[in-house]
Amino acid sequence: MHIQQVPPKKQLSRRGFIGRGTTATLSVAGLSVLSGGALAMASRKGAKEEPSTDAGLINTALSLEHEGIAAYQIAAESGVLNDAVLQVGILFQSHHKGHRDELIKAVRELGGTPVEAKAISEYAEALGADKLKSQADILQLAISLELGAANAYLGVIPSLSDHEFGHLFARLAADEAMHWTALKGAVGEALPKNALYFG
Amino acid sequence: MMLAILCAVLLVGAIAEDEQQNFESKVSPEIEGDAGRGESLYQRRCGACHSIDQNRIGPKHQNTFGSKAGAVEGFAYSKALKELDVVWNEVTLDEWLQNPSAMAPGTRMGFRLTDEQERADIIAYLRQVSEAAAAQVE
(Lines give C-alpha, C1' and ligand atoms only; values in the text may rest on other atoms or scores of the structure.)
Protein backbone atom coordinates (compact mmCIF):
# COMPACT_ATOMS: atom_id res chain seq x y z
CA MET A 1 0.00 0.00 0.00
CA HIS A 2 1.44 3.36 -0.96
CA ILE A 3 0.18 6.19 1.17
CA GLN A 4 2.25 8.86 -0.48
CA GLN A 5 4.15 8.83 -3.72
CA VAL A 6 6.94 11.36 -4.14
CA PRO A 7 6.12 13.10 -7.41
CA PRO A 8 8.95 12.67 -9.94
CA LYS A 9 9.19 16.41 -10.37
CA LYS A 10 10.07 16.86 -6.74
CA GLN A 11 12.79 14.23 -6.94
CA LEU A 12 14.25 16.11 -9.86
CA SER A 13 14.34 19.39 -8.03
CA ARG A 14 16.06 17.65 -5.15
CA ARG A 15 18.79 16.49 -7.51
CA GLY A 16 19.15 20.08 -8.70
CA PHE A 17 19.64 21.17 -5.15
CA ILE A 18 22.37 18.59 -4.66
CA GLY A 19 24.16 19.83 -7.75
CA ARG A 20 24.26 23.38 -6.50
CA GLY A 21 25.30 22.16 -3.07
CA THR A 22 28.49 20.68 -4.44
CA THR A 23 29.95 24.00 -5.50
CA ALA A 24 28.79 25.78 -2.38
CA THR A 25 30.24 23.20 -0.01
CA LEU A 26 33.87 24.24 -0.39
CA SER A 27 33.47 27.84 0.64
CA VAL A 28 31.27 27.03 3.61
CA ALA A 29 33.20 23.95 4.72
CA GLY A 30 34.75 25.77 7.64
CA LEU A 31 31.35 26.89 8.78
CA SER A 32 29.57 23.57 8.48
CA VAL A 33 29.79 23.11 12.23
CA LEU A 34 27.65 26.17 12.65
CA SER A 35 24.92 25.19 10.29
CA GLY A 36 22.75 22.10 10.20
CA GLY A 37 21.80 23.18 6.70
CA ALA A 38 25.34 22.82 5.44
CA LEU A 39 25.63 19.46 7.11
CA ALA A 40 22.43 18.29 5.48
CA MET A 41 23.78 19.45 2.17
CA ALA A 42 27.00 17.53 2.66
CA SER A 43 25.15 14.35 3.48
CA ARG A 44 22.84 14.72 0.49
CA LYS A 45 25.87 15.10 -1.70
CA GLY A 46 27.23 11.91 -0.18
CA ALA A 47 24.00 10.12 -1.06
CA LYS A 48 25.24 9.84 -4.61
CA GLU A 49 28.32 7.79 -3.75
CA GLU A 50 27.45 6.12 -0.47
CA PRO A 51 24.32 5.89 1.65
CA SER A 52 23.92 8.87 3.98
CA THR A 53 23.60 8.35 7.72
CA ASP A 54 19.87 8.97 7.29
CA ALA A 55 19.71 5.70 5.35
CA GLY A 56 20.99 3.77 8.40
CA LEU A 57 18.51 5.48 10.72
CA ILE A 58 15.63 4.85 8.33
CA ASN A 59 16.70 1.21 8.02
CA THR A 60 16.46 0.90 11.80
CA ALA A 61 12.89 2.24 11.61
CA LEU A 62 12.24 -0.31 8.87
CA SER A 63 13.39 -3.13 11.22
CA LEU A 64 10.91 -1.78 13.74
CA GLU A 65 8.06 -1.94 11.22
CA HIS A 66 9.04 -5.49 10.19
CA GLU A 67 8.76 -6.48 13.84
CA GLY A 68 5.40 -4.70 14.18
CA ILE A 69 3.97 -6.51 11.15
CA ALA A 70 5.19 -9.83 12.58
CA ALA A 71 3.71 -9.03 16.01
CA TYR A 72 0.26 -8.45 14.49
CA GLN A 73 0.65 -11.64 12.45
CA ILE A 74 1.47 -13.65 15.56
CA ALA A 75 -1.52 -12.06 17.30
CA ALA A 76 -3.87 -12.79 14.40
CA GLU A 77 -2.81 -16.44 14.29
CA SER A 78 -3.00 -16.92 18.05
CA GLY A 79 -6.64 -17.95 17.93
CA VAL A 80 -7.42 -16.06 21.14
CA LEU A 81 -8.66 -12.78 19.62
CA ASN A 82 -12.36 -12.10 19.25
CA ASP A 83 -13.56 -11.04 15.84
CA ALA A 84 -13.76 -7.29 16.51
CA VAL A 85 -10.20 -7.18 17.89
CA LEU A 86 -8.96 -9.34 15.03
CA GLN A 87 -10.39 -6.91 12.48
CA VAL A 88 -8.71 -3.96 14.19
CA GLY A 89 -5.44 -5.93 14.32
CA ILE A 90 -5.61 -6.58 10.59
CA LEU A 91 -6.25 -2.89 9.91
CA PHE A 92 -3.29 -1.82 12.07
CA GLN A 93 -1.06 -4.40 10.43
CA SER A 94 -1.97 -2.94 7.04
CA HIS A 95 -0.90 0.49 8.31
CA HIS A 96 2.45 -0.98 9.35
CA LYS A 97 2.83 -2.50 5.89
CA GLY A 98 2.21 0.98 4.47
CA HIS A 99 4.94 2.32 6.75
CA ARG A 100 7.29 -0.43 5.65
CA ASP A 101 6.77 0.37 1.98
CA GLU A 102 7.32 4.08 2.54
CA LEU A 103 10.56 3.43 4.49
CA ILE A 104 11.86 1.04 1.83
CA LYS A 105 11.33 3.77 -0.72
CA ALA A 106 13.20 6.28 1.44
CA VAL A 107 16.21 3.98 1.95
CA ARG A 108 16.40 3.33 -1.79
CA GLU A 109 16.14 7.03 -2.54
CA LEU A 110 19.28 7.50 -0.44
CA GLY A 111 21.15 4.73 -2.22
CA GLY A 112 20.95 2.28 0.69
CA THR A 113 19.79 -1.34 0.82
CA PRO A 114 16.56 -1.85 2.75
CA VAL A 115 16.84 -4.43 5.57
CA GLU A 116 14.75 -7.52 5.07
CA ALA A 117 12.33 -9.05 7.53
CA LYS A 118 13.54 -11.96 9.66
CA ALA A 119 11.69 -15.26 10.01
CA ILE A 120 8.47 -14.95 11.99
CA SER A 121 9.76 -17.52 14.49
CA GLU A 122 12.63 -15.17 15.39
CA TYR A 123 10.21 -12.37 16.13
CA ALA A 124 8.04 -14.73 18.16
CA GLU A 125 11.00 -15.64 20.31
CA ALA A 126 12.25 -12.08 20.72
CA LEU A 127 8.78 -10.86 21.71
CA GLY A 128 8.18 -13.72 24.15
CA ALA A 129 5.14 -14.92 22.18
CA ASP A 130 5.00 -18.15 24.18
CA LYS A 131 3.95 -16.10 27.21
CA LEU A 132 0.94 -14.60 25.44
CA LYS A 133 -1.99 -16.66 26.65
CA SER A 134 -4.99 -14.39 26.25
CA GLN A 135 -6.41 -11.49 24.28
CA ALA A 136 -5.59 -9.24 27.23
CA ASP A 137 -1.90 -10.28 27.10
CA ILE A 138 -1.78 -9.56 23.39
CA LEU A 139 -3.45 -6.17 23.74
CA GLN A 140 -0.96 -5.16 26.45
CA LEU A 141 1.97 -6.14 24.23
CA ALA A 142 0.47 -4.18 21.33
CA ILE A 143 -0.07 -1.14 23.56
CA SER A 144 3.53 -1.17 24.73
CA LEU A 145 4.96 -1.71 21.22
CA GLU A 146 2.83 1.08 19.73
CA LEU A 147 3.79 3.51 22.47
CA GLY A 148 7.44 2.57 22.07
CA ALA A 149 7.23 3.03 18.32
CA ALA A 150 5.62 6.49 18.58
CA ASN A 151 8.33 7.56 21.02
CA ALA A 152 11.08 5.98 18.94
CA TYR A 153 10.10 7.90 15.81
CA LEU A 154 9.86 11.18 17.69
CA GLY A 155 13.25 10.67 19.34
CA VAL A 156 15.02 9.96 16.06
CA ILE A 157 13.72 13.06 14.24
CA PRO A 158 16.46 15.39 15.59
CA SER A 159 19.14 13.02 14.24
CA LEU A 160 17.86 13.07 10.66
CA SER A 161 19.64 15.53 8.41
CA ASP A 162 16.86 15.83 5.83
CA HIS A 163 13.70 17.54 7.08
CA GLU A 164 11.65 15.70 4.53
CA PHE A 165 12.39 12.47 6.36
CA GLY A 166 11.74 14.24 9.64
CA HIS A 167 8.28 14.99 8.35
CA LEU A 168 7.80 11.36 7.33
CA PHE A 169 8.85 10.18 10.81
CA ALA A 170 6.38 12.59 12.42
CA ARG A 171 3.59 11.17 10.27
CA LEU A 172 4.61 7.63 11.22
CA ALA A 173 4.64 8.61 14.90
CA ALA A 174 1.13 10.01 14.53
CA ASP A 175 -0.11 6.68 13.13
CA GLU A 176 1.46 4.81 16.07
CA ALA A 177 -0.16 7.25 18.51
CA MET A 178 -3.50 6.61 16.79
CA HIS A 179 -3.04 2.85 17.29
CA TRP A 180 -2.01 3.31 20.90
CA THR A 181 -5.03 5.50 21.65
CA ALA A 182 -7.47 3.04 20.06
CA LEU A 183 -5.93 0.10 21.94
CA LYS A 184 -6.08 1.97 25.26
CA GLY A 185 -9.76 2.53 24.57
CA ALA A 186 -10.27 -1.15 23.74
CA VAL A 187 -8.95 -2.24 27.13
CA GLY A 188 -10.80 0.57 28.93
CA GLU A 189 -7.70 2.34 30.22
CA ALA A 190 -7.73 6.09 30.82
CA LEU A 191 -5.76 8.47 28.65
CA PRO A 192 -2.83 10.40 30.17
CA LYS A 193 -3.61 13.40 32.36
CA ASN A 194 -0.60 15.41 31.22
CA ALA A 195 0.03 17.04 27.89
CA LEU A 196 3.10 16.18 25.79
CA TYR A 197 2.84 12.56 26.75
CA PHE A 198 4.68 11.24 23.70
CA GLY A 199 8.27 11.90 22.75
CA MET B 1 38.25 36.52 1.80
CA MET B 2 41.23 35.04 3.65
CA LEU B 3 40.37 37.11 6.64
CA ALA B 4 36.79 35.91 6.55
CA ILE B 5 37.93 32.29 6.51
CA LEU B 6 40.35 32.89 9.34
CA CYS B 7 37.61 34.50 11.41
CA ALA B 8 35.28 31.60 10.68
CA VAL B 9 37.91 29.08 11.75
CA LEU B 10 38.63 30.96 14.96
CA LEU B 11 34.93 31.25 15.64
CA VAL B 12 34.40 27.54 15.14
CA GLY B 13 37.31 26.79 17.45
CA ALA B 14 35.85 29.01 20.13
CA ILE B 15 32.43 27.44 19.80
CA ALA B 16 33.79 23.92 19.93
CA GLU B 17 35.56 24.73 23.16
CA ASP B 18 32.45 26.31 24.55
CA GLU B 19 30.40 23.27 23.71
CA GLN B 20 32.84 21.05 25.48
CA GLN B 21 32.48 23.05 28.65
CA ASN B 22 28.72 22.92 28.34
CA PHE B 23 28.90 19.23 27.85
CA GLU B 24 30.90 18.68 31.01
CA SER B 25 28.43 20.65 33.04
CA LYS B 26 25.61 18.66 31.47
CA VAL B 27 26.92 15.43 32.98
CA SER B 28 26.30 16.84 36.39
CA PRO B 29 26.78 14.45 39.28
CA GLU B 30 23.98 16.19 41.21
CA ILE B 31 21.40 14.40 39.09
CA GLU B 32 20.56 11.17 40.90
CA GLY B 33 19.11 8.36 38.84
CA ASP B 34 16.22 6.27 40.15
CA ALA B 35 16.35 2.70 38.82
CA GLY B 36 12.68 2.08 39.63
CA ARG B 37 11.53 4.99 37.52
CA GLY B 38 14.16 4.00 34.99
CA GLU B 39 12.56 0.60 34.46
CA SER B 40 9.22 1.95 33.25
CA LEU B 41 10.92 4.73 31.31
CA TYR B 42 13.06 2.09 29.61
CA GLN B 43 9.88 0.36 28.41
CA ARG B 44 8.43 3.56 27.02
CA ARG B 45 11.53 5.16 25.53
CA CYS B 46 13.71 2.24 24.49
CA GLY B 47 11.23 -0.68 24.40
CA ALA B 48 10.37 -0.33 20.72
CA CYS B 49 13.90 -1.38 19.82
CA HIS B 50 15.52 -2.94 22.89
CA SER B 51 14.86 -5.66 25.45
CA ILE B 52 17.00 -6.63 28.40
CA ASP B 53 17.38 -10.27 27.39
CA GLN B 54 16.73 -10.41 23.63
CA ASN B 55 18.47 -8.93 20.60
CA ARG B 56 15.80 -7.13 18.62
CA ILE B 57 16.12 -3.98 16.51
CA GLY B 58 18.94 -3.02 18.88
CA PRO B 59 21.17 -5.26 21.03
CA LYS B 60 20.05 -6.65 24.37
CA HIS B 61 21.02 -4.70 27.47
CA GLN B 62 21.62 -7.42 30.02
CA ASN B 63 25.33 -6.67 30.46
CA THR B 64 25.64 -3.27 28.84
CA PHE B 65 26.77 -1.29 31.86
CA GLY B 66 30.49 -1.94 32.36
CA SER B 67 31.03 -3.63 29.01
CA LYS B 68 32.67 -2.39 25.85
CA ALA B 69 30.54 -0.89 23.11
CA GLY B 70 29.52 -3.25 20.32
CA ALA B 71 30.20 -6.42 22.28
CA VAL B 72 26.89 -8.34 22.35
CA GLU B 73 27.33 -11.63 20.55
CA GLY B 74 24.95 -12.39 17.71
CA PHE B 75 23.98 -8.77 17.11
CA ALA B 76 24.88 -7.24 13.74
CA TYR B 77 26.29 -3.85 14.75
CA SER B 78 27.14 -1.03 12.39
CA LYS B 79 30.83 -0.49 11.72
CA ALA B 80 30.57 2.74 13.69
CA LEU B 81 29.51 1.03 16.89
CA LYS B 82 31.87 -1.93 16.53
CA GLU B 83 34.75 0.50 16.28
CA LEU B 84 33.61 2.75 19.09
CA ASP B 85 36.28 2.43 21.73
CA VAL B 86 34.22 3.08 24.82
CA VAL B 87 33.20 1.24 27.98
CA TRP B 88 29.58 1.96 28.96
CA ASN B 89 29.28 3.79 32.26
CA GLU B 90 27.30 6.77 33.63
CA VAL B 91 29.30 9.31 31.65
CA THR B 92 29.55 7.49 28.32
CA LEU B 93 25.91 6.38 28.37
CA ASP B 94 24.83 9.93 29.13
CA GLU B 95 26.80 11.18 26.16
CA TRP B 96 25.42 8.41 23.93
CA LEU B 97 21.80 9.08 24.81
CA GLN B 98 22.13 12.80 24.17
CA ASN B 99 23.22 12.21 20.59
CA PRO B 100 24.39 8.78 19.41
CA SER B 101 25.42 10.02 15.95
CA ALA B 102 27.76 12.60 17.47
CA MET B 103 29.54 9.91 19.50
CA ALA B 104 29.63 7.27 16.76
CA PRO B 105 29.01 8.88 13.36
CA GLY B 106 27.27 6.38 11.13
CA THR B 107 25.56 4.48 13.95
CA ARG B 108 22.10 3.13 13.20
CA MET B 109 20.67 4.32 16.50
CA GLY B 110 19.48 7.90 16.12
CA PHE B 111 17.23 8.06 19.16
CA ARG B 112 17.98 11.02 21.45
CA LEU B 113 16.77 11.46 24.97
CA THR B 114 16.80 15.14 25.86
CA ASP B 115 15.55 14.96 29.43
CA GLU B 116 18.52 14.80 31.79
CA GLN B 117 16.56 13.21 34.63
CA GLU B 118 15.14 10.52 32.35
CA ARG B 119 18.65 9.72 31.13
CA ALA B 120 19.90 9.40 34.69
CA ASP B 121 16.96 7.15 35.66
CA ILE B 122 17.42 4.84 32.67
CA ILE B 123 21.19 4.65 33.22
CA ALA B 124 20.61 3.75 36.89
CA TYR B 125 18.27 0.99 35.74
CA LEU B 126 20.78 -0.36 33.18
CA ARG B 127 23.43 -0.39 35.89
CA GLN B 128 21.17 -2.32 38.24
CA VAL B 129 20.35 -4.86 35.52
CA SER B 130 24.00 -5.45 34.64
CA GLU B 131 25.04 -5.76 38.28
CA ALA B 132 22.27 -8.28 38.89
CA ALA B 133 23.36 -10.26 35.80
CA ALA B 134 27.00 -10.23 36.96
CA ALA B 135 26.00 -11.39 40.45
CA GLN B 136 24.12 -14.34 38.97
CA VAL B 137 27.16 -15.49 37.06
CA GLU B 138 29.35 -15.44 40.15
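A note on names: the letters A, B, ... follow the listed sequences, proteins ahead of strands, and every chain is numbered from 1.
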Over 12 foreign heavy atoms within 6.0 Å of CG, Asp130(A) | yes
Out of Ser63(A), Ser144(A), Ala149(A), which one racks up the most heavy-atom pairs below 4.5 Å with chain B?
-> Ser63(A)
Please flag which part of Thr114(B) lies under 4.5 Å from any non-hydrogen atom of chain A: side chain, backbone, both or neither.
-> neither
For the hydrophobic clusters of this structure (ILVMFWY residues joined by side-chain heavy atoms under 4.5 Å, transitively), does one cluster hold both Phe198(A) and Leu160(A)?
-> yes
Note: vs chain B, highest number of non-hydrogen pairs under 4.5 angstrom among Leu154(A), Ile58(A), Leu64(A) is Leu64(A)
Is Ile90(A) reachable from Tyr123(A) through a run of I, L, V, M, F, W or Y residues, each pair having side-chain heavy atoms under 4.5 Å apart?
-> no
Asp115(B), part contacting chain A, at a heavy-atom distance under 4.5 Å = neither
Approximate separation, where rounding is to 0.5 Å, of Leu127(A) CG and Arg56(B) CZ = 5.5 Å
Just wondering, are more than 12 heavy atoms of other shown residues or ligands nearer than 6.0 Å to NZ in Lys68(B)?
-> yes
Look up atom CD1 in Ile57(B) and atom CG in Leu62(A), then write down how far apart they are to the nearest 0.5 Å.
-> 10.0 Å
Point-to-point distance, once rounded to the nearest 0.5 Å, from CZ of Arg44(B) to CG of Leu147(A) = 6.5 Å
Path from Ile52(B) to Phe75(B) over hydrophobic side-chain contacts below 4.5 Å = yes
Is Val87(B) linked to Leu126(B) within one hydrophobic cluster, defined over Ile, Leu, Val, Met, Phe, Trp and Tyr using a side-chain heavy-atom separation of less than 4.5 Å?
-> no
